Amino acid sequence: MKIDNEMKLELLSKSQNESFARSVVAAFVSQLDTTIEELADVKTAVSEAVTNAIIHGYENKIGTVVIISRIIENTVEIEVIDSGKGIENIDMARQPLYTSKPELERSGMGFTVMESFMDEVEVTSSPGQGTNIKMRKTFRSL
Amino acid sequence: MKIDNEMKLELLSKSQNESFARSVVAAFVSQLDTTIEELADVKTAVSEAVTNAIIHGYENKIGTVVIISRIIENTVEIEVIDSGKGIENIDMARQPLYTSKPELERSGMGFTVMESFMDEVEVTSSPGQGTNIKMRKTFRSL
Amino acid sequence: MNVVFESINNKLVIRINGDIDHHTCETVRQKIDNEIAKKNSKNLIFDMENVGFMDSSGIGVIIGRYKQVTTKGGATVMINVKPQIKRVYEICGLQRIIKVFDSLEQAVNSLP
Amino acid sequence: MNVVFESINNKLVIRINGDIDHHTCETVRQKIDNEIAKKNSKNLIFDMENVGFMDSSGIGVIIGRYKQVTTKGGATVMINVKPQIKRVYEICGLQRIIKVFDSLEQAVNSLP
Ligand SMILES: Nc1ncnc2c1ncn2[C@@H]1O[C@H](COP(=O)(O)OP(=O)(O)O)[C@@H](O)[C@H]1O
Ligand SMILES: Nc1ncnc2c1ncn2[C@@H]1O[C@H](COP(=O)(O)OP(=O)(O)O)[C@@H](O)[C@H]1O
């Protein structure tokens, strides 16, 4: 599989960077021929993953969130990586409505949104080391 | 000097990434209170530096262009870094109208534009190793 | 990010201007809770006309307000929901608890 | 990126739509050169109304066309120049060789 384009963005885990992160990925993906809905889906999925890195991964300490995006034909691959606390039980974390922070009024729907808006979502995580969310979406609007 | 926010972007040296690069920096800088003109100035300076990395640094071979941006109070600092061929004579390169590629109809005004639109432009370069353009601009619109 | 309120027949219309994500949702939450407390509101109408983007952090805020007024016997509805927000709303199952109306008038009339 | 042409009294109006940077300037250059050759144009009017962004790569293209028609005794002018482009134009010293007019009519009348 030939990578047609690739970018890597490193951000501080500050909540003000959430909107920046999703705009950057949307701008990168807009080199593909997507519908407005598809682009909004990608933005939303990225927003979920970056927010999770900030509030669950780093728990509001300052760390670095890395976003890698690759274009392979009409597919986009996006990785959102933190070096934060990691996830003990990935299956439980992915359940709709599950949240470890109900006191923050989290809906527990972040993973469900990512899974609904992207074609594939792979979660890799080691407690104490961090989390990698790898998502893929193929655009069929061509 | 406390850094208030910082980001690092790595791109392939493809010309289609020029507009992406300047939009990303503009989106990052827009967290500061700037005028539309100041934001356009930053965009233009970034476009010049990234274009130079692509055509002069890598001479259309594929390499990585790194863009680092820092916000320190109401100042933005931007570094555009390539690991390309480097500049032999920096003083000559910075002269208005000087270009090593007149056959490509380059105007030789890239550095002049960067210097006019930003408050400071520092050039560090080693032949065979690459070039680092560090620019600063303070926004006074507040 | 700002939030503008209006009372129509004792129903609280909440007009949010801006994106609702984790960064902005704390402000949105506080402003709404202050207003609910001040007016002792039971019925809420979220006007999403000027919300360009919302993710599940926004859903958390809306469910939180929904729960708050439901315990007082009130209801929550929404109007002017754009496609991106509609999709997040559906995926998160809000359609089971919060109705969407086409106009403010219909929304007002739907509430007791 | 596209370029639209119109001939007014043998003067070539060049309307560029899109950003002019290094990525797009090769296409712009080729389209203009084809049209100049086809029409054997001597006088050029660049209409910048739909150019949202231009950097020094664009300046290179404009100077190149300017030189080309100047050797034939022609002239080059510009209209509808937005502030960002005006600043790049001034920094690059184009005001010494290419006049900017407020309207197409004035631009057409200024040329022989
Ligand atoms: N990057 C991460 N680092 C650590 N834990 C995470 C991360 N992302 C998700 N989690 C865990 O998975 C749970 C479910 O995530 P999600 O479905 O996005 O819901 P929410 O963010 O509303 O809690 C979180 O509550 C958290 O415990
Ligand atoms: N990143 C770079 N790597 C190598 N050489 C460079 C780089 N940037 C600029 N130069 C040299 O400096 C010269 C002047 O640059 P500039 O003022 O931008 O004009 P132009 O790009 O139109 O040639 C270039 O022609 C090139 O020789």
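Bear in mind the structure is a predicted one, so any value in this text is a computation, not a measurement. In what follows, chains are A, B, ... by sequence order, proteins preceding strands, each numbered from 1.
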Quiz prompt | Contact leader toward chain B among A:Asp4, A:Ile62, A:Ile68, A:Thr64, where contacts are heavy-atom pairs under 4.5 Å | solution = A:Asp4
Quiz item: When heavy-atom pairs shorter than 4.5 Å are enumerated against chain B, which of A:Asn17, A:Ile67, A:Asn5 gives the highest number?
Solution: A:Asn5
Quiz item: For chain B, which residues from residues 6-13 of chain A have at least one heavy atom closer than 4.5 Å to it?
Solution: A:Glu6, A:Met7, A:Lys8, A:Leu9, A:Glu10, A:Leu11, A:Leu12
Quiz prompt | salt bridge (charged side-chain N to carboxylate O under 4.0 Å, His left out) involving B:Glu88 - partner list, sequence neighbours excluded | solution = none
Practice problem: Tell me, please, which residues at least two apart from A:Phe28 pass ring pair (Phe, Tyr, Trp, His ring centres under 6.0 Å). | Solution: B:Phe20
Can you list, pair by pair, the side-chain donor-acceptor contacts under 3.5 Å of residues 40-48 of chain B, counting residues two or more places apart and other chains?
residue	atom	partner	partner atom	Å
B:Asp41	OD1	D:Arg87	NE	3.1
B:Asp41	OD1	D:Arg87	NH2	2.5
B:Thr44	OG1	B:Ala40	O	2.7
B:Thr44	OG1	D:Gln84	NE2	2.8
B:Ser47	OG	B:Arg22	NH1	3.2
B:Ser47	OG	D:Asp55	OD2	2.7
B:Glu48	OE1	D:Ser56	OG	2.7
B:Glu48	OE2	D:Ser56	N	2.7
B:Glu48	OE2	D:Ser56	OG	3.2

